[in-house]
Amino acid sequence: MRRRIFKWTGIILLSIVALFAAGYGIIAININNRSAKFYRFERKILDIKQDSLTLSKGKHLVAIKGCQDCHGKDLAGKIMINDGAVGRISATNLTKGKGGLPIDYNDQDWITALRHGVDRNGRPLILMPSHETTLLSEHDMAAIIAYCKNIPAVTNELPPIELGPVANVMSFFDKMPLLSVEKIDHAKPMIIQADTVVGVKQGEYLAVSCSGCHRADFKGGDPLAPGLPPVPDITSGGNLGKWTQQQFLQTLRTGKTPAGHQMSNADMPWQMTAQYSDDELVSLYEFFQSKI
Ligand code: HEC
Ligand code: HEC
C-alpha cells in the first residue's frame with residue numbers, strides 16, 4: 001500500500017517536473033527566436049556636429065542617461081550580470097579600442113542602435129534601453145553620438161551575451177526589457193529639439209529615464225527583481241507630494257530622503273540623478289508634482 005502511494009507521488013512529481021521542463025523549453029525557444037530575428041529600418045540622417053558646445057552637451061547627457069552605469073565609467077564596456085540563473089550580459093565596449101566598436105562603425109550605426117534597438121546588421125540589442133533613447137530629441141541624440149565618437153580608445157574584450165533561465169522567463173512574461181526593438185514605435189518621427197524652458201514639459205521629456213523603474217505612470221510598483229526594494233510612487237500622490245523643491249533636489253543629489261533613509265545607488269541610481277543640472281531637477285520636480 002505504502003509502496004503504491006510512493007509510486008504514485010513519484011509519478012505525479014515527475015510529471016510536474018516534465019511539464020515545467022516542457023514549458024521552459026517553449027519559453028527558451030521563443031526568446032531565442034525573437035533575439036535571433038533580423039530587422040531592417042529606413043535610414044535616418046542626423047547632423048552630427050563636433051563643436052565644443054555639442055561635445056559638452058553630449059558628455060552631460062551620457063552622465064544623466066546612465067550610459068556609464070552599464071557601459072562603465074570610460075564607456076569601455078563591462079559585464080553587467082554574470083550568474084547561472086540570469087546569464088551573462090555584457091554591455092558593449094563603445095570605444096574604438098580592442099574589443100570595442102569596429103573601426104568603420106559610423107554615424108548611421110550609432111543612430112540605428114539608439115533609435116531602433118538593433119545593431120548595424122539588424123540584430124536586436126539585448127537589454128540596451130533603446131526604447132528610451134529612441135525618445136531623445138534629434139539634437140540630444142546627435143550630441144551623445146558626437147561625444148561617444150571622441151572618447152579615448154580602451155582595450156576591453158568582453159565575452160558574448162548568454163541568457164540564463166531567469167532572463168528568458170522574465171522576458172517572456174515582459175518583466176525584463178530584454179528586446180527593446182519590440183517596444184519601439186519605429187514609425188514615430190523623432191522630435192527635433194526638447195523644450196529648453198524650465199517647467200513641466202522639460203520635466204516630462206527628462207522623466208523618460210525614470211520610467212523604466214518607476215513605471216510609465218511613475219506610480220512605482222513591485223521590486224524590479226527579487227531581493228530589491230519596492231519602487232516608490234514619485235507622483236504627487238507619493239511622498240514627493242509633501243516635499244519642497246529643495247528636499248527633492250537634496251534627495252536626488254545625495255540619495256538621502258527627507259525621512260532620513262539613505263538609498264543605495266544600486267537600487268536607485270542617485271549618482272546619476274546627482275549629475276542633473278539644477279534647472280533639470282526643478283523641471284522634474286514640477287513635472288512629478290503635476291502628476292496625480
Ligand atoms: C541598462 C543598461 C544599459 C544602458 C543604461 C545603456 N546601455 Fe547601451 N547597451 C547595453 C547592452 C547590454 C548592450 C549590448 C547589446 C547586445 O550586444 O546585444 C548595449 C549596446 C549598445 C550599443 C550597440 C553597439 C552595437 O553593437 O552596435 C550602443 C551604440 C550603445 N549601447 C550605446 C549606449 C548609450 C549611448 C547609452 C546611454 C544613452 C547606453 N548605451 C545605455 C546596455 C545598456
Ligand atoms: C534602476 C531603477 C531606477 C531608476 C532608473 C530611477 N529610480 Fe528612483 N528609485 C528606484 C528605487 C528602487 C527606489 C527605492 C529605493 C529605496 O527604497 O531605497 C527609488 C526611489 C526614488 C525616490 C525616493 C522616493 C521616496 O518616496 O522616498 C525618488 C524621489 C526617485 N527615486 C526619483 C527618481 C527619478 C526622478 C528618476 C529619473 C531621473 C529615478 N528615480 C530613476 C529605482 C529607480
Side-chain angles (χ1 to χ4, degrees), residues 35 58 61-72 75 77-81 88-94 100-102 105 109-115 117-130 132-133 136 140-141 143-145 147-149 151 158 160-161 163 176-181 203 206-215 218 220-225 228-235 238-243 247-252 255-270 272-276 280-281 283-285 287-288:
S35 33
L61 286 163
V62 162
I64 68 167
K65 293 295 168 191
C67 314
Q68 289 152 313
D69 285 343
C70 297
H71 291 278
L75 297 180
K78 69 172 190 200
I79 300 176
M80 287 166 55
I81 307 170
R88 187 182 57 214
I89 297 179
S90 325
T92 320
N93 174 352
L94 297 177
L101 296 175
Y105 196 85
D109 299 331
W110 276 102
I111 297 167
T112 303
L114 298 179
R115 171 139 166 74
V118 299
D119 73 6
R120 64 198 323 207
N121 302 314
R123 176 191 66 85
L125 296 172
I126 304 291
L127 219 67
M128 161 68 196
S130 302
E132 292 179 10
T133 53
L136 286 164
D140 286 355
M141 190 183 286
I144 289 178
I145 296 173
Y147 173 74
C148 290
K149 277 169 56 176
I151 47 174
L158 293 152
I161 294 177
L163 299 176
M176 192 176 182
L178 196 75
L179 297 165
S180 56
V181 64
L206 293 168
V208 168
S209 306
C210 324
S211 63
C213 299
H214 290 277
R215 313 298 199 273
F218 305 104
D222 291 335
L224 297 159
L228 297 182
V231 187
D233 180 352
I234 54 170
T235 69
N239 292 331
L240 229 97
K242 301 187 283 282
W243 296 356
Q247 286 175 317
F248 178 76
L249 263 69
Q250 186 80 10
T251 305
L252 294 194
K256 196 168 181 174
T257 67
H261 167 58
Q262 178 62 56
M263 298 186 283
S264 147
N265 186 62
D267 299 333
M268 158 65 199
W270 60 267
M272 170 189 92
T273 55
Q275 300 186 69
Y276 280 81
E280 287 168 335
L281 289 182
S283 290
L284 280 170
Y285 178 75
F287 170 65
F288 293 128

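What you see is a predicted model; the values in this text were computed from it and never measured. In what follows, every heavy atom counts, from backbone to side chain, and hydrogens, waters and symmetry copies are set aside. Counting starts at 1 for both ligands and their atoms, in listed order.
- In this structure, S90 is part of the shell of residues with a heavy atom less than 4.0 angstrom from ligand 1.
- Look at M128 and atom 8 (Fe) of ligand 1: an N/O/S atom of the residue is under 2.8 Å from the metal.
- The nearest heavy-atom contact from the protein to atom 3 (C) of ligand 2 is C213 SG, 2.7 Å.
- Using 4.0 Å as the threshold, T133 has a heavy atom nearer than that to some atom of ligand 1.
- A donor-acceptor pair under 3.5 Å is formed between the side chain of S264 and the backbone N or O of A266.
- Residue contact annotation: E132 has no non-hydrogen atom under 4.0 Å from ligand 1.
- For a distance bound of 2.8 Å, the N, O or S atoms of H71 include one lying that close to atom 8 (Fe) of ligand 1.
- By the criterion of a heavy-atom distance under 4.0 Å, neither the backbone nor the side chain of L61 is placed next to ligand 1.
- Using a non-hydrogen distance threshold of 4.0 Å, G238 does not register as a contact of ligand 2.
- Residue C67 touches ligand 1 through backbone and side chain together, judged by heavy-atom distances below 4.0 Å.
- Between W243 and F248, the ring planes lie tilted relative to each other; the angle falls in the 30° to 60° range.
- For ligand 2, one of its N or O atoms has an N or O atom of H214 under 3.5 Å away.
- Using a 4.0 Å heavy-atom cutoff, T92 is listed among the residues neighbouring ligand 1.
- Of the protein's heavy atoms, P232 CD, 3.4 Å lies nearest to atom 14 (C) of ligand 2.
- By the 4.0 Å heavy-atom criterion, L94 is counted among the residues contacting ligand 1.
- The shortest N or O to N or O distance between N239 and ligand 2 is under 3.5 Å.
- Remark: the backbone N or O of A113 is not paired with any side-chain donor or acceptor of R115 at under 3.5 angstrom.
- Judged by the shortest distance from any of its heavy atoms, H261 lies inside the 4.0 Å radius around the atoms of ligand 2.
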